[in-house]
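Since the structure comes first, as structure tokens, the remarks are kept for the end.
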Protein chains: 2
Amino acid sequence: MTDDAYDDAKLEIADAMARTAEMYGLNRSYGHIYGLLYFVGEPMSLDELVAESGYAKSTVSNAMSALEPYHLVHRQSSPGEGRKVYFEAETDFWTIMQEFFEQQGRREIRIMTRALETAQASLDDAPETDRTSHASARVAELEAFYDQAETLLSFFTRASPEVLFDVVSEVESRTVDDEP
Amino acid sequence: MTDDAYDDAKLEIADAMARTAEMYGLNRSYGHIYGLLYFVGEPMSLDELVAESGYAKSTVSNAMSALEPYHLVHRQSSPGEGRKVYFEAETDFWTIMQEFFEQQGRREIRIMTRALETAQASLDDAPETDRTSHASARVAELEAFYDQAETLLSFFTRASPEVLFDVVSEVESRTVDDEP
DNA sequence: GACTACGTTCAGTATGTTGTGAATCTGGGA
DNA sequence: TCCCAGATTCACAACATACTGAACGTAGTC
């Protein structure tokens, strides 16, 4: 039971990470590999990860390349060990989350605002009818929404967790005070 | 140029929605169809959506079934029109977003906390070694993170946009005051 | 400068997803 | 009750993604 209990725990975490990764649009198995790396806690080489995970080396290599841009893993090469690289799991989940939502949010905002500008321009060119003015209103609504979204996004991706918690507990107590 | 400009705008929006949907893990074409419905602004039947989008009826039907749980579309059946149903796009993006993150966030928290409990139990069963105590620490960190995450999630998915904006501008001005 | 130990890239297979038209089901009206 | 107009379900073809082992490239060592 000695190794097994440890391995059970490891696989439990890796599996949960796999499912979570999927929710974020990342590859299931990349989440699994990240979970192993996170659980073990110390830097591992590609070959160690292969042994640990059972995936092919190419898969693990691709996983690392995919996880790096999100800063979920860090690459470390130690001198005197040739080309060998070690990977370490990032453990600061707040930063990971903030970066993720920053990236995704910015992308969405960019896509939508560009489209909204173009659409607005088209509608302005068209002769005004019921349809076009209705559509213009919709476009304007969306523009307003994304303006607001950008403000909130900037705040939440820049604020420290401490500030966020202060704010929440403050507002929460404020609300309680307002109750009859 | 009359119809064309209107249609250009429509497709621009639909395409942006398609790409955005993809970012949320929803089917690209379902996002496209939602975009059309949103842009047109009035309820449409399946057949109208088929004509509008060019997709097969089964695709549109599946799209509606997929979008309904997120409350992105609403089904309306008017009496005296047989079985015919009309679909209307939800336009309140704040609520949509809040519901989405509520669903996703809860799911992630559930998956992770369950796994963390199980893992903790396994580790408690195992004889204490360097590995297990290290892993226990990791598990505890994650538990702490998800506890905090739950608090923030509850706040952001329940607060009205007005409250959120008040908070942001308040904190923002506070920060400015603190500058030298 | 050549060998070695590694990481990365590549082409192929296996698996999953998307969109379709035909078949099926079902509520409402006659 | 029997149709009919509509929605839903299904099996399938087209397409995309994931994982692999083998080939390749390359930094470091001798």
Side-chain angles (χ1 to χ4, degrees), chain A residues 11 14-15 17-37 43-70 72-89, chain B residues 11 14-15 17-37 43-70 72-89:
Chain A
L11 289 177
D15 181 61
M17 291 279 191
R19 295 203 273 156
T20 300
E22 211 170 26
M23 296 181 55
Y24 285 92
L26 301 179
N27 195 311
R28 207 183 161 79
S29 36
Y30 296 178
H32 183 90
I33 295 170
Y34 172 81
L36 297 174
L37 200 53
M44 294 172 85
S45 68
L46 273 187
D47 284 324
E48 285 170 328
L49 279 170
V50 166
E52 188 76 46
S53 67
Y55 286 110
K57 199 170 182 179
S58 51
T59 303
V60 177
S61 173
N62 286 329
M64 294 301 106
S65 305
L67 295 176
E68 271 185 304
Y70 295 105
L72 278 159
V73 298
H74 303 290
R75 193 176 285 251
Q76 305 176 338
S77 39
S78 44
E81 279 205 87
R83 298 187 63 195
K84 192 162 212 155
V85 288
Y86 287 87
F87 297 93
E88 188 170 25
Chain B
L11 289 178
D15 180 60
M17 291 279 191
R19 294 203 274 156
T20 300
E22 212 171 26
M23 295 181 56
Y24 285 91
L26 301 179
N27 195 313
R28 207 184 161 79
S29 36
Y30 297 177
H32 183 89
I33 295 171
Y34 171 81
L36 297 174
L37 200 53
M44 293 172 85
S45 68
L46 274 187
D47 284 326
E48 285 169 327
L49 279 170
V50 166
E52 188 74 46
S53 68
Y55 285 111
K57 198 172 184 178
S58 52
T59 302
V60 177
S61 173
N62 286 330
M64 295 300 106
S65 305
L67 296 176
E68 269 185 307
Y70 295 104
L72 279 157
V73 299
H74 302 291
R75 193 176 286 251
Q76 304 176 337
S77 39
S78 43
E81 280 204 86
R83 297 189 63 197
K84 190 162 214 155
V85 289
Y86 287 87
F87 296 93
E88 186 170 25

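The sequence lines fix the lettering, A, B, ..., with proteins before strands; numbering per chain opens at 1.
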If the condition is side chain to side chain contact (heavy atoms under 4.5 Å, CB included), which residues does B/Ser58 pass it with, not counting sequence neighbours? B/Ala56
Give me the atom names and distance for the closest heavy-atom approach of B/Val73 to B/Met64. CG2-O, 4.0 Å
So do the side chains of A/Met17 and A/Ile33 get within less than 4.5 Å of each other, counting heavy atoms only? no
Whole-Å distance separating the CG atom of B/Leu46 from the C1' atom of C/dT20: 15 Å
Just by distance, do the side chain of B/Ser53 and the backbone of B/Leu49 share a donor-acceptor pair under 3.5 Å? yes
If you define the side chain from C-beta out and look only at heavy atoms, does anything of B/Glu88 sit under 4.5 Å from B/Leu37? no
Please collect all side chain to side chain donor-acceptor pair (under 3.5 Å) contacts where either partner lies in residues 20-29 of chain A, sequence neighbours excluded, each pair once. A/Glu22-A/Arg28, A/Tyr24-B/Glu108, A/Asn27-A/Ser29
Could you run down nucleotides 17-30 of chain D 5' to 3' and tag each one B, S or - for protein heavy-atom contact under 4.0 Å? -SSBB---BBBS--
Rounded distance (Å) that lies between atom P of C/dG21 and atom CG of B/Asp47: 14 Å
Is any side-chain N or O of A/Ser61 closer than 4.0 Å to OP1 or OP2 of C/dT8? yes
For the helix from C/dG1-D/dC30 to C/dA30-D/dT1, how many degrees between its two end axes (five pairs per end), to the nearest 10°? 10°
OG of B/Ser65 to OH of B/Tyr30: how many Å apart, nearest 0.5 Å? 8.0 Å
Quick one: A/Met44 CE to C/dC6 P, roughly how many Å, whole number? 15 Å
As an exercise, state the distance from OG of A/Ser45 to CD of A/Gln76, rounded to the nearest 0.5 Å. 12.0 Å
Whole angstrom is fine here: how far is it from CD in A/Gln76 over to P in C/dG7? 14 Å
In this structure, how many angstroms lie between the C1' atom of C/dT18 and the NE2 atom of B/His32, rounded? 15 Å
Check: A/Leu26 and A/Leu72 side chains under 4.5 Å, non-hydrogen atoms: yes
Let me know the distance between CD1 of B/Ile33 and C1' of C/dT20, rounded to the nearest Å. 13 Å
Within the sub-3.5 Å range, which N or O atoms of nucleotides 13-16 of chain D have a protein N or O partner, and how far apart are they?
none

What pairs with B/Lys84 under salt bridge (charged side-chain N to carboxylate O under 4.0 Å, His left out), at least two apart in sequence or on another chain? none
For A/Phe87 and A/Val60: C-alpha separation, side-chain torsions, deciding distance, then whether side-chain contact (heavy atoms from CB on, under 4.5 Å) applies. CA-CA 11 Å; A/Phe87 297 93; A/Val60 177; over 6 Å; no
Atom NZ of B/Lys84 to atom P of C/dG29: distance rounded to whole Å? 14 Å
Return the value, rounded to whole Å, for the distance between atom CZ of A/Arg75 and atom P of C/dC6. 15 Å
